[in-house]
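Below is one structure; the comments refer to it alone.
Here, residue 1 is the first one in the sequence, and each next residue gets the next number.
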Amino acid sequence: MDINIFDYMRNNDMEKEAPLAARMRPRTLDEVVGQEHIVGKGKLLYRAILADQIRSVIFYGPPGTGKTTLARVIANTTSAEFTQLNATVAGKKDMEEVVEKAKSNKGMYGRNTILFIDEIHRFNKGQQDYLLPFVEDGTVTLIGATTENPYFEVNGALLSRSLIFELKPIPLEAVRELLKKAVYDADRGMGAYGAVIDADALDFLADVSGGDARHALNAVELGIMTTKRGEDGKIRITLEVAQECIQKRAVRYDKSGDSHYDTISAFIKSMRGSDPDAAVYYLARMLYAGETVAFVARRIMICAAEDVGNADPNALTVAVNASLAVERIGMPEARIILAQAATYVACAPKSNAACQAVFEATKVVEQTGSLPIPAHLQDAHYKGAGKLGRGTGYLYAHDYPNHFVEQQYLPYELTGREFYKPTGNGYEAKIREHMRFLKTGKKEGV
């Protein structure tokens with residue numbers, strides 16, 4: 001194929017002038033970092049790319065984790081025609097043109113076509129349906145990239161014909177090494193500028209990026225391009241410069257150190273202590289410092305069960321739904337959902353009676369072992385169970401008034417033992433009254 005020298009020069013200049021994040025983008029599988037669980041040597045995707053046997057796939061993960069990068073790596077290694085569309089601007093006409101060209105390539109040259117669709121979740125149902133038959137018959141091999149959970153946003157028919165690979169936030173150490181290379185590498189990085197980066201600035205950018213390599217690289221580039229040289233002729237990226245370039249102040253929050261545990265402890269104790277203002281403050285601190293929404297959501301669910309319990313059974317429902325919602329939505333909107341759940345749990349009436357019940361029961365189990373289960377409660381559904389006395393004498397509660405009948409449920413050795421002791425708080429007061437009525441036949445106060 002003839003090469004136009006002017007096109008070559010223009011492409012070469014564009015490559016040199018491209019943003020740092022684009023220049024540092026991996027070109028081969030071996031340069032991809034942080035996604036070893038899917039492209040490590042010997043993994044399915046790694047083998048498929050090297051063998052040029054890629055089938056339709058959807059890459060799913062947070063921004064800056066390498067979804068587009070993996071698509072470009074595939075483009076560099078495959079013999080197929082590689083075409084890219086962005087779902088935010090592409091319409092049906094664009095897809096029709098790609099399909100027609102793919103048919104020509106297949107029919108005339110026997111060459112496959114890979115269609116990469118960035119932000120595929122932006123395609124509506126009709127657009128996704130249009131692609132389906134061409135993916136199914138092999139006219140195009142689809143590579144989709146999305147920050148949204150594909151099981152919610154992509155048609156089930158397309159999903160069933162694709163492999164789903166979830167990309168994870170790039171590990172802290174990998175981001176740190178990438179930033180060092182970006183500062184000092186003279187070939188693809190900014191080494192020619194004679195810049196240096198302080199250790200605390202490097203750690204801060206790697207940590208605050210939240211696994212988004214592009215975000216961190218953009219901050220480094222901005223810092224080098226806008227910072228004056230010092231008396232030694234060097235451009236120094238300090239912590240202050242890093243904070244300004246990423247528009248975030250360094251918050252003392254070591255995710256593996258005391259600050260992490262102190263903050264989450266204060267968050268939980270504020271919810272337990274019914275202080276929604278403090279709870280939402282510590283929530284904001286954690287999210288600002290880069291804590292994962294999944295971790296925060298887990299703590300809210302635990303608090304809803306442990307500290308609210310049956311005083312407001314709806315608290316756990318709110319917390320669980322919040323956990324599911326933030327997984328689907330992501331930041332920054334996830335903080336709104338977490339705030340709703342945290343303030344609900346903080347304001348709810350409190351009871352740890354259910355929590356204490358299982359703790360006390362566990363102690364008894366540890367002390368007494370596996371005490372015999374009363375024969376009338378044992379399984380009577382298998383052949384020969386009746387001959388062994390299993391289930392004999394069991395009283396079916398729904399056959400009795402109030403759907404309740406007195407019989408031995410605990411092992412006989414624990415007769416009369418109480419583990420769950422409902423408080424008078426919130427809905428648990430109704431539970432306590434109901435249980436008293438079942439046992440005595442009298443309403444409370446009568």
Side-chain angles (χ1 to χ4, degrees), residues 8-28 30-36 62-66 68-69 72-73 169-260 262-263 285-291 331-332:
Y8 173 80
M9 294 293 291
R10 183 171 62 252
N11 291 338
N12 199 39
D13 288 341
M14 287 177 63
E15 199 170 296
K16 289 180 179 178
E17 294 172 6
L20 177 63
R23 299 200 307 273
M24 295 298 296
R25 182 172 279 153
R27 296 164 295 188
T28 66
D30 292 333
E31 290 181 357
V32 175
V33 297
Q35 308 302 338
E36 288 78 9
T65 52
T68 303
T69 291
R72 291 183 180 276
V73 167
I170 299 174
L172 192 71
E173 188 54 42
V175 176
R176 187 185 286 112
E177 290 303 311
L178 185 61
L179 293 179
K180 285 167 64 177
K181 187 174 182 181
V183 173
Y184 299 112
D185 185 280
D187 179 23
R188 296 166 61 195
M190 304 191 76
Y193 287 80
V196 294
I197 184 167
D198 291 350
D200 56 355
L202 184 68
D203 291 341
F204 168 70
L205 288 175
D207 184 51
V208 83
S209 68
D212 184 338
R214 183 171 57 238
H215 191 39
L217 288 168
N218 288 342
V220 164
E221 183 176 28
L222 182 61
I224 292 176
M225 298 298 291
T226 60
T227 303
K228 291 182 179 180
R229 296 186 184 276
E231 294 181 0
D232 59 357
K234 298 285 186 182
I235 296 173
R236 182 172 296 278
I237 304 300
T238 63
L239 177 60
E240 289 72 27
V241 171
Q243 291 174 194
E244 186 178 12
C245 290
I246 209 162
Q247 296 185 332
K248 206 166 191 182
R249 288 178 59 251
V251 176
R252 185 174 170 270
Y253 192 82
D254 177 4
K255 290 183 184 178
S256 62
D258 290 343
S259 181
H260 164 79
D262 288 345
T263 309
R285 269 181 62 162
M286 288 187 291
L287 295 179
Y288 187 87
E291 186 60 81
M331 286 291 284

Would you tabulate the side-chain donor-acceptor contacts of residues 192-205 under 3.5 Å, counting partners in other chains and residues two or more places apart, or write 'none'?
residue	atom	partner	partner atom	Å
D198	OD1	R236	NH1	2.9
D203	OD1	R176	NE	2.8
D203	OD1	R176	NH2	3.3

Item to check | Whether E221 side chain and P19 backbone form a donor-acceptor pair below 3.5 Å | outcome: no
Checklist entry - By side chain to side chain donor-acceptor pair (under 3.5 Å), which residues pair with T238, not counting sequence neighbours? => result E240
Next on the checklist: Looking at every heavy atom in both P169 and P62, which two are closest together, and how far apart are they?
Outcome noted: CG-CG, 4.1 Å
Checklist outcome for this item: Closest non-hydrogen atoms of I237 and I224, given as atom of the first, atom of the second and distance, are CD1-N, 3.7 Å
Next on the checklist: Does anything in residues 180-189 form a salt bridge (charged side-chain N to carboxylate O under 4.0 Å, His left out)? List the pairs, not counting sequence neighbours.
Outcome noted: E31-R188, E177-K180
Checklist entry - If you round to the nearest 0.5 Å, how far is CD1 of I170 from NE2 of H215? => result 13.0 Å
Checklist outcome for this item: Heavy-atom nearest pair, G223 first then I235, reads O-CG2, 4.4 Å
Item to check | Heavy-atom pair of closest approach, residues L179 and A206 | outcome: CD1-N, 4.0 Å
Item to check | Qualifying residues under side chain to side chain donor-acceptor pair (under 3.5 Å), relative to D212, sequence neighbours excluded | outcome: none
Checklist outcome for this item: In this structure, OG1 of T226 is separated from CD of E244 (nearest 0.5 Å) by 7.0 Å
Checklist outcome for this item: With sequence neighbours left out, the residues meeting side chain to side chain donor-acceptor pair (under 3.5 Å) with T69 are R25
Checklist entry - Who passes side-chain contact (heavy atoms from CB on, under 4.5 Å) against L178, sequence neighbours left out? => result M24, A213, L217
